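Let me begin by presenting the structure, written as C-alpha cells, before commenting on it.
Please read all numbers here as calculations on a predicted model, not as lab measurements.
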Amino acid sequence: MKLKELLKNVEILNMIGDTGADITGVNIDSRRIKAGHLFVAIAGTQTDGHQFIPKAIELGAKAILCEKIPETYTAGITYIQVSSTEDAVGKVATQFYGDPSRKLTLVGVTGTNGKTTIATLLYNMFRQFGHKCGLLSTVCNYIEGKAIPTSHTTPDPIELNQLLAQMVEAGCEYAFMECSSHAIAQKRIGGLKFKGGLFTNLTRDHLDYHKTFENYRDAKKAFFDGLEKDAFAIVNADDKNGLFMVQNTKAQVKTYSIRSMADYKAKIIECHFEGMYLEIDGHEVGVQFIGKFNVSNLLAVYGAAVMLGKKPEDILVILSTLKSVNGRLEPIRSPEGYTAVVDYAHTPDALENVLKAIHEVLDGKGKVITVCGAGGNRDKGKRPLMAQEAVKQSDRVIITSDNPRFEEPQDIINDMLAGLDAKQMKKVVSIVDRREAIRTACMMAEKGDVILIAGKGHEDYQEIKGVKHHFDDKEVVREILELN
C-alpha cells in the first residue's frame with residue numbers, strides 16, 4: 001500500500017521524504033520491522049519508541065511516523081511528524097488492514113467487572129444464532145471457534161486490526177470485544193467503527209496507571225463519546241456512573257437494571273449453585289449462573305441482542321443454554337460435601353459481588369472460607385480494601401500470594417493485613433504459598449461450606465520475578481480433592 005494512502009486520515013505536522021513509497025507492513029515494535037515497513041515511534045509509559053528509530057531503519061523500515069523528527073536523518077527514509085503517534089497509529093493500522101471494523105458488526109464492552117463474561121456470552125449466543133463471529137477478550141481471542149492466545153485485554157492497534165481483518169476474511173459477521181481503560185486511554189481502539197457499546201459498572205481499579213478515579217472514569221466515558229449516531233449504547237442504570245458515561249454520546253441510549261426503571265429489567269425468582277430462575281422483561285427463564293451481578297451481565301447480553309435485531313423470545317431460549325465463562329464462579333464439589341468456587345475477582349467490588357452471590361445461595365446454611373491475595377506492581381490502594389471485603393463476608397479468610405510479579409509476596413500480604421483491626425484479624429491467617437493456602441482452606445471446610453478461591457480464575461500461571469510458572473487454581477483444588 002502507498003504511504004500516502006496509509007496517512008490519509010492522519011494530520012501531518014511536518015514531513016521529510018516521499019509519500020509515494022510502497023509500505024509492506026506497519027509496526028510499533030522495532031524488533032519486528034522488516035523491509036518496506038512503516039515504524040511508528042510511540043512514547044510509551046515504559047520506553048520511548050523514538051530511541052529505536054535507528055534500529056528500525058537498520059532492519060529495513062522505509063518510513064518513520066514520529067512526534068520528533070531525528071536531528072540526523074537517513075537518506076531514502078520518509079519521516080512523518082504528527083502531534084501524537086498514539087493517536088495516529090490506530091488510524092494507520094485501520095487503513096493498512098482495509099478498515100475491517102466497517103465490514104462487520106463490532107460491539108465493545110467496557111467497565112470494571114463483567115467485560116469478559118458479557119463479550120464471551122454474546123459471542124457464544126450469536127454463534128448459536130448461526131452467525132460466524134469473532135471474540136477479543138482477556139481469556140482468549142477467537143475467530144469463528146479458532147482460539148488465538150492473548151496477553152492483553154485489548155491488543156495494540158496493529159494486532160487488533162490484523163485480528164479483525166482475519167475475522168472478515170473468515171466470513172465473520174459479528175465481533176465482540178472487551179475495551180479496557182488502558183486501551184481507550186492509549187487510543188488502541190482509535191479508528192474502529194463500533195455498532196454498539198456496553199457499560200457494566202465502575203469501581204476502583206488500575207489507579208497505578210490512571211492515578212485518579214476520575215481519570216479512570218473519563219477513559220471509560222471516552223469510548224461512549226466516540227460512538228457514532230447509528231450506534232447504540234447500553235448502560236447499567238444500577239451504577240451511579242451509568243448515565244454519566246452516555247451524557248455526551250451521539251449513540252442511541254438504552255439502560256438495564258435489576259433495581260429500578262430501565263429499558264431492560266430482571267429479577268431473581270429462585271437461586272441455587274446450579275443456576276437461577278429469572279424474570280426478564282416479564283418472561284421467566286432458567287439460567288446456569290448465580291449472583292445478582294450475573295443477572296446484570298445477562299441483562300446486558302439480552303439488551304445487546306435486542307438492539308442487534310434478535311427477537312426477545314429467541315434470545316431467552318439461547319440465554320438458558322449458556323454456561324459461565326472459564327474461571328468465573330466455577331464450582332467444584334468435594335466428596336466431603338463442601339463446594340470450592342474459583343473466580344477471577346481481583347477488585348474489592350468484584351470480591352463483594354462474588355461473596356454476595358455465594359451467600360444468596362447458602363442462605364445462612366454454611367460457612368464461607370475465602371482464599372485471596374492481590375497482584376504485585378499494581379494499585380496498592382486496593383489491597384487493604386480487598387482484605388476488608390473478604391473479612392466482612394467470610395467466616396474465615398486466608399490471605400495468600402496472587403501474581404507477585406516483581407514484589408515480595410509477604411510485602412503484598414502485609415499491605416492487605418494493614419487494613420484490618422485486631423477483631424478482624426481473629427478471622428484471618430496468612431500463608432504465602434498459594435497451594436498450601438488452598439489446601440488449608442480445604443482442611444477447614446465441612447459439609448455445606450463454601451470455599452471461595454479468588455483472584456486468578458482462568459489464569460493457569462503465577463507470575464514471579466518476571467517468570468510465569470504453571471499454576472491453575474482449579475487444577476490445584478481437584479488434586480487436593482483427589483478428583484483427577
Under 3.5 Å: donor-acceptor pair, side chain of [X], backbone of [Y]:
X      : Y      : value
Asn403 : Arg405 : no
Thr117 : Gly114 : no
Asp402 : Gly375 : no
Lys254 : Ile234 : no
Lys456 : Tyr461 : yes
Lys187 : Ile184 : no
Glu144 : Cys133 : yes
Glu330 : Gly327 : yes

### Message
Given the ring of Phe129, does Lys310 sit roughly above its face, with NZ or CZ under 6.0 Å from the centre of the six-membered ring and within 45° of the axis?
### Response
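Flagged: Lys310 positioned over aromatic ring of Phe129.
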### Task
Using the salt bridge (Lys or Arg N to Asp or Glu O under 4.0 Å) rule, take Glu214 and Arg217 through it: C-alpha gap first, then chi angles, then the decisive distance, then the call.
CA-CA 5 Å; Glu214 289 71 26; Arg217 177 199 64 193; 5.2 Å; no
At their closest point, which heavy atom of [X] faces which heavy atom of [Y], and how far apart are they?
X      : Y      : value
Thr400 : Val432 : OG1-O, 3.2 Å
Leu164 : Ser101 : CD1-CB, 4.3 Å
Ser257 : Asp238 : OG-OD1, 2.6 Å
Ile148 : Cys140 : O-SG, 3.5 Å
Asn377 : Arg383 : N-NH2, 3.8 Å
Cys179 : Lys220 : O-NZ, 4.0 Å

To the nearest 0.5 Å, tell me how far [X] [atom1] sits from [Y] [atom2].
X      : Y      : atom1 : atom2 : result
Glu360 : Met276 : CD    : CE    : 8.0 Å
Ile464 : Glu407 : CD1   : CD    : 13.0 Å
Leu417 : Ile412 : CG    : CD1   : 12.0 Å
Leu122 : Tyr302 : CG    : OH    : 13.5 Å

Check [Y] with [X], please: is the shortest side-chain N to carboxylate O separation under 4.0 Å?
X      : Y      : answer
Asp156 : Arg188 : no
Lys195 : Glu173 : no
Glu274 : Arg333 : yes
Lys265 : Glu279 : no
Arg32  : Glu159 : no
Lys356 : Glu352 : yes
Asp29  : Arg31  : yes

Could you check whether any side-chain heavy atom of [X] comes within less than 4.5 Å of a side-chain heavy atom of [Y], counting everything from C-beta outward?
X      : Y      : value
Asn241 : Val235 : no
Lys132 : Phe126 : no
Ile280 : Tyr264 : no
Leu322 : Val287 : no
Arg478 : Ile332 : yes
Ile290 : Phe273 : yes
Lys367 : Glu446 : yes
Ile358 : Leu452 : yes

### Query
Step by step, would you call Val341 with Ile451 a side-chain contact (heavy atoms from CB on, under 4.5 Å)?
CA-CA 6 Å; Val341 175; Ile451 301 168; over 6 Å; no
Judged by modelled atom types alone, do [X] and [Y] share a side-chain donor-acceptor pair under 3.5 Å?
X      : Y      : result
Gln410 : Asn414 : yes
Tyr142 : Thr120 : no
Glu463 : His469 : no
Thr116 : Glu178 : yes

### Asp349, Asn353, Thr200 screened by side chain to side chain donor-acceptor pair (under 3.5 Å) with Asn113, the one that passes
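It is Asp349, the one option of Asp349, Asn353, Thr200 that forms the side chain to side chain donor-acceptor pair (under 3.5 Å) with Asn113.
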### Query
Is it the case that more than 12 heavy atoms not belonging to Lys292 sit under 6.0 Å from its NZ atom?
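Counting other residues, nucleotides and ligands, NZ of Lys292 stays at 12 neighbours or fewer.
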### Query
Given the rule in the side-chain contact (heavy atoms from CB on, under 4.5 Å) test, do His458 and Tyr344 qualify, once you have shown the distances and angles that lead to the verdict?
CA-CA 7 Å; His458 64 279; Tyr344 187 53; 3.5 Å; yes
### Task
Run the numbers on Asp449 and Val368 for side-chain contact (heavy atoms from CB on, under 4.5 Å), then give the verdict.
CA-CA 6 Å; Asp449 292 349; Val368 176; over 6 Å; no
#### Entry: Audit row: Leu136, Met167, side-chain contact (heavy atoms from CB on, under 4.5 Å) steps and yes/no
CA-CA 11 Å; Leu136 295 150; Met167 290 175 190; 3.9 Å; yes
#### Entry: Qualifying residue for ring-ring contact (aromatic ring centres under 6.0 Å, His included) with Phe194, from Tyr174, Phe176, Phe224, Phe223
Phe223
### Message
Here's a test for you: under side-chain contact (heavy atoms from CB on, under 4.5 Å), which of Val295, Asn294, Leu299 qualifies with Asn297?
### Response
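Among Val295, Asn294, Leu299, the one that satisfies the side-chain contact (heavy atoms from CB on, under 4.5 Å) with Asn297 is Asn294.
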